[in-house]
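Here's the structure we're looking at; comments come further down.
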There are 2 protein chains.
Amino acid sequence: MLPFLSRADETMDANGEGMAQARETGTLGKLMVLLDLVTHADAPLRFTDILSLAGQPRGTLHRQLSHLVEEGLLELDGDGRYAPGLRLLDFAARSWARNEFRLIAEPHLVDLQHATGETVHLGVLRGQSIIYLDKVEGRQPVRMYSQIGNASPCYCTGVGKAALSLLPAESLVDLLAGVNFTRFTAATHASPASLLAEIREIADQGYAFDREEHEAGIRCVAAPIWSEDRTFLGGVSITGPAYRLSMELLAQWVVPVQRAAGRIMEGMRIRLGPRR
Amino acid sequence: MLPFLSRADETMDANGEGMAQARETGTLGKLMVLLDLVTHADAPLRFTDILSLAGQPRGTLHRQLSHLVEEGLLELDGDGRYAPGLRLLDFAARSWARNEFRLIAEPHLVDLQHATGETVHLGVLRGQSIIYLDKVEGRQPVRMYSQIGNASPCYCTGVGKAALSLLPAESLVDLLAGVNFTRFTAATHASPASLLAEIREIADQGYAFDREEHEAGIRCVAAPIWSEDRTFLGGVSITGPAYRLSMELLAQWVVPVQRAAGRIMEGMRIRLGPRR
DNA sequence: AGTATCGTTCCATTATTTGGAACTTGATTT
DNA sequence: AAATCAAGTTCCAAATAATGGAACGATACT
């Protein structure tokens, strides 16, 4: 097995392997599997690499890749290596710029950043992952895309656990059934059982901590965001290094984070409210 | 000719209509037309809106949209409006983070930013558009994605004209034949003729200016970037407000910009060189 | 209640995808 | 230089998925 894909395997697992989820999207689904393969790889893949990973007949695979390249979703360099295409950037730039949820939340994220001086994130639950929609950092060296658009596990991030705490018990169990619990640090929940216990607590309290569960030395407080019809579930969080963010300090930020979350929800209700 | 492509044609106009480029990508091509429609719209579209724009039979369109939604490329909100899906962000984040060209160029962009104090861009030519791959800004309020991933016209941006100056005459004419010249400002080239004249000049000099041609009050200097096999054509630029960047000042920055471009090319050669 | 309007489902027809095999191309070995 | 091997590409009858007209629900409007 190709060594550099170990990473891709993990990500795929996190997306649900248990569910034996047959794609019902015909041709598109098959092509998306390929896009996933290429975008998850650590380096551009050669035809043969993809062949062994995708397990398709050569003729078929060749045409599929050609179509993806022709549409700009993949790029084929002079050495026959396939890399993600720049058209993806173009799509993403537009979908980000016009995203309603993000636009409504943005001013409140900035306020929260100013109030605390630390990094603020906005994330939503999609499948079993949290996708970060926005990030507001205090100091200069923000490398854009550094976090935005990234998919992170829901079971070991503040925003993730906050989002999960909003789910009805049944959906929660269903969702967790598909999750592969990777232990990123000593504090990462290793099983659904302990996670469920914490999530019940979070549901009562209305806020979640990440006690260095995803990355050693990084802590956060998060508050959940929801809509009545559960169209969006997500959260806001304040994140920072453990040496600066003691658990006591994080506790003091519970109220500001919740207030920001509340304002974002109010913004969504005003924007979408009349109809629901 | 199929009527439902009228809108897609418009979109293509900016990108090239003259080429009568029938999509050869079967099912995927049809779905990408829909993705284009939705991501280019100013607001989420309802089923009927897309129906009238795409002009497909209802049954067909419905299934196509369902597939896109199921794959996360589109999202359908509670009011039946289709918006770009967050999976696009996930794809883009990865393709950006691992893009070789960008990774090689990054340190040189930062150097250039420090040397001048103004905003630095890295862009590549894709089709008739420049796609910005990176941006390094001096002062704080960088809204990420503000420019990265955006597709801009090639005929009125510094990076665009620099990239065009590298093309052999024939390809250049072909490419410009497909461009729809929109006059953004009084200084925008209104026809291929005047543009061609300037591009010849740029090819001789090895650098390009943007004299408020895309946006009033914004100027830039750009230098071209190429590889022997023409796999990548693009440019680096320094951009800023006209009141601060006199043409004299821009002229002083020609050398630094060219030097940065040269270093990036060298980086690419080292990385890819042995093979070509 | 009556009637548009909007969205969804069905299914025989049609077009696209499939995949095995044959064929290039280019590098490596004898 | 010829032979061998691996990597990629093209072909085409068979299998599969997409198509689109029409019938069917679901809301909103009168």
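Reminder, nothing fancy here: chain letters follow the sequence lines and each chain counts from 1.
Residue A:Tyr82 holds its OH atom at 9.5 Å from CG of A:Leu68, rounded to the nearest 0.5 Å. With values rounded to the nearest 0.5 angstrom, A:Thr39 atom OG1 is found 8.0 Å from B:Arg87 atom CZ. Distance check: B:Leu164 CG to B:Leu176 CG gives 6.0 Å after rounding to the nearest 0.5 Å. Atoms CG and CG, on A:Asp36 and A:Leu31 in that order, are 11.5 Å from each other to the nearest 0.5 Å. B:Asn99 CG to A:Glu75 CD: the interatomic distance, rounded to the nearest 0.5 Å, is 8.0 Å.
Nucleic acid contact class of A:Arg58 (heavy atoms, under 4.0 Å, all strands): base. Residue A:Thr60 is classed as a base contact, given a heavy-atom separation below 4.0 Å to a base.
One interatomic measurement links the two molecules: CZ of A:Arg46 to P of C:dA27, which rounds to 11 Å at whole-angstrom precision. With rounding to whole Å, B:Leu65 atom CG is found 11 Å from C:dG7 atom P. The distance from atom CG of A:Leu31 to atom C1' of C:dT16 is 12 Å, rounded to the nearest whole Å. Atom-to-atom, NZ of A:Lys30 to C1' of C:dT17 comes out at 7 Å; the value is rounded to the nearest Å. What separates CG of A:Leu28 from C1' of C:dT16 is a distance of 14 Å, to the nearest Å. Between the P atom of C:dT8 and the CD1 atom of B:Ile50 lies a distance of 11 Å, rounded to the nearest Å. If you take NE2 of B:His67 and C1' of C:dT16, they are 14 Å apart, rounded to a whole angstrom.
Between B:Leu133 and the choices B:Ile148, B:Leu122, B:Val159, the side chain to side chain contact (heavy atoms under 4.5 Å, CB included) rule is met once, by B:Leu122.
Of the candidates C:dG19, C:dC6, C:dT8, the closest approach to any side-chain atom of B:His62 belongs to C:dT8.
When all heavy atoms of B:Ala92 and A:Leu88 are compared, the pair lying nearest together is CB-O, 3.8 Å. For B:Ile130 against B:Cys154, the heavy-atom pair with the smallest separation is CG1-CA, 4.1 Å.
When only modelled atom types and interatomic distance are considered, B:Thr25 and A:Glu70 share no side-chain donor-acceptor pair under 3.5 Å.
End-to-end axis angle for the helix from C:dA1-D:dT30 to C:dT30-D:dA1, using five pairs per end and rounding to 10°, comes out at 30°.
Toward the 5' end of DNA chain D, the nearer of the two residues A:Arg63 and A:Thr27, judged by each one's closest nucleotide, is A:Arg63.
From the 5' end on, the contacts that DNA chain D makes with chain A at under 4.0 Å to a non-hydrogen atom open and close at D:dA7 to D:dA18.
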